[in-house]
Student: 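This is the structure I want to talk about, given as structure tokens.
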Amino acid sequence: MRVGVLTGGGDCPGLNAVIRAVVRKGIARYGHEFIGFRDGWRGPLEGDGFALDVQTVRGILPRGGTILGSSRTNPLKVEGGVERIEENLHDFKVNALVAIGGEDTLGVATALHEHGMRVVGVPKTIDNDLNATDYTFGFDTAVNIAMEAIDRLHTTAESHRRVLIVEVMGRHAGWIALHAGLAGGANVILIPENPFDVDKVCAYIESRFKTRYAPIVVAAEGAIPAGGEMVLKDESRDAFGHVKLSGVGDWLAREVEKRTGKEARCTVLGHIQRGGTPTAFDRVLATRFGLHAIDAVNDGDWGKMVALRGTDIVRVPLAAATRELKTVNVERYAEAEVFFG
Ligand code: F6P
């Protein structure tokens, strides 16, 4: 078989580990050939691909980013996009696709599969909000980066007795904020699933100042003040209709200063959470996803996504993974609330 591989959406550490595993096992075990498509769905849409062999994937396991490039191109929004992909795959003699991505990329994969294409999906996102898998790779790396930032902020916050707010990624799901906040001993964690009361946050902050420690607040970029709205970076939208988030941390810092009289500053971690080398956990998960994805291709098990269940890698219908997001439930948030204040 000749198999196309692409990485779409926001990048994350571990993408290269998947590509390497797919190609290495696909060639060594099954004798397949590979075409790497550049920049997510743009590659198959515009016929931009190149041969991927063992040599091409050597040395990429620890590297962040993706050797294939990524984009948020949505072929379903392009007139005749699906037909163009079909034609280009035909021209490249590609008879199967491995699509590595989050809800948007895999949403397109689901639609293409329903259209009759032979697609297998691999879940990625630092947000860990894809349904049907316990974890996505990239998440552990992002959490560790955010945890280290929180550790560092604790010491400087204490020297100056300031409120330090850390804004982390997490558009609709607060997994990064929850895990990094728990691991880093944050005093308040704000997540999109649970609109926050600014007065309550201020009360936690005041109570923290009564100890010799200074408050650290972790806020997901999608966190919303009760009765308020998500803070947007600007009004623009990508091809999947997403707005750019960021700003809730700065907004909250101003509110906290006004209401408590204490100095409050915000650090936005932004894309630092997505760059650089993956943790061991993410390298292993990404590698195992890749190995199992090429098995699914070899078995002709189309329309499936590989997923982590406990410690096993299983196959689930692509549609099940993209139907709804996996968000933080009340019980998980309550675990963290014990440490607030
Ligand atoms: O979807 C993953 C994510 O990291 C979100 O948490 C965040 O809102 C978004 O990507 C940012 O993406 P971009 O690279 O377009 O700024």
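Small disclaimer: the values here were computed from a predicted structure and weren't measured. Values below: every heavy atom of this structure, side chains too, minus hydrogens, waters and symmetry copies. Just so you know, residue 1 is the first one in the sequence shown, and it goes up from there. Note that ligands are numbered from 1 as they come in the structure, with each ligand's atoms numbered from 1 the same way.
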Student: With a 4.0 Å cut-off on N to O distance, would you call E335 and R332 a salt bridge?
Tutor: yes
Student: Write out the protein residues near ligand 1, meaning a non-hydrogen atom under 4.0 Å from one of its atoms, in order of chain and number.
Tutor: R72, I126, D127, M169, G170, R171, E221, H271, R274
Student: Determine whether the aromatic ring centres of residues F92 and F37 are separated by less than 6.0 angstrom.
Tutor: yes
Student: Taking NZ, NE, NH1 and NH2 as the nitrogens, is one of them in R315 or D299 under 4.0 Å from a carboxylate oxygen of the other?
Tutor: yes
Student: Check the orientation of H242 and F240. Use parallel for under 30°, tilted for 30 to 60°, and perpendicular for over 60°.
Tutor: parallel
Student: Step through it carefully: locate the ring centre of Y213, locate the ring centre of H154, and say whether they are under 6.0 Å apart.
Tutor: no
Student: Is it the case that K25 places NZ or CZ above or below the six-membered ring of Y30, under 6.0 angstrom from the centre and within 45 degrees of the axis?
Tutor: no
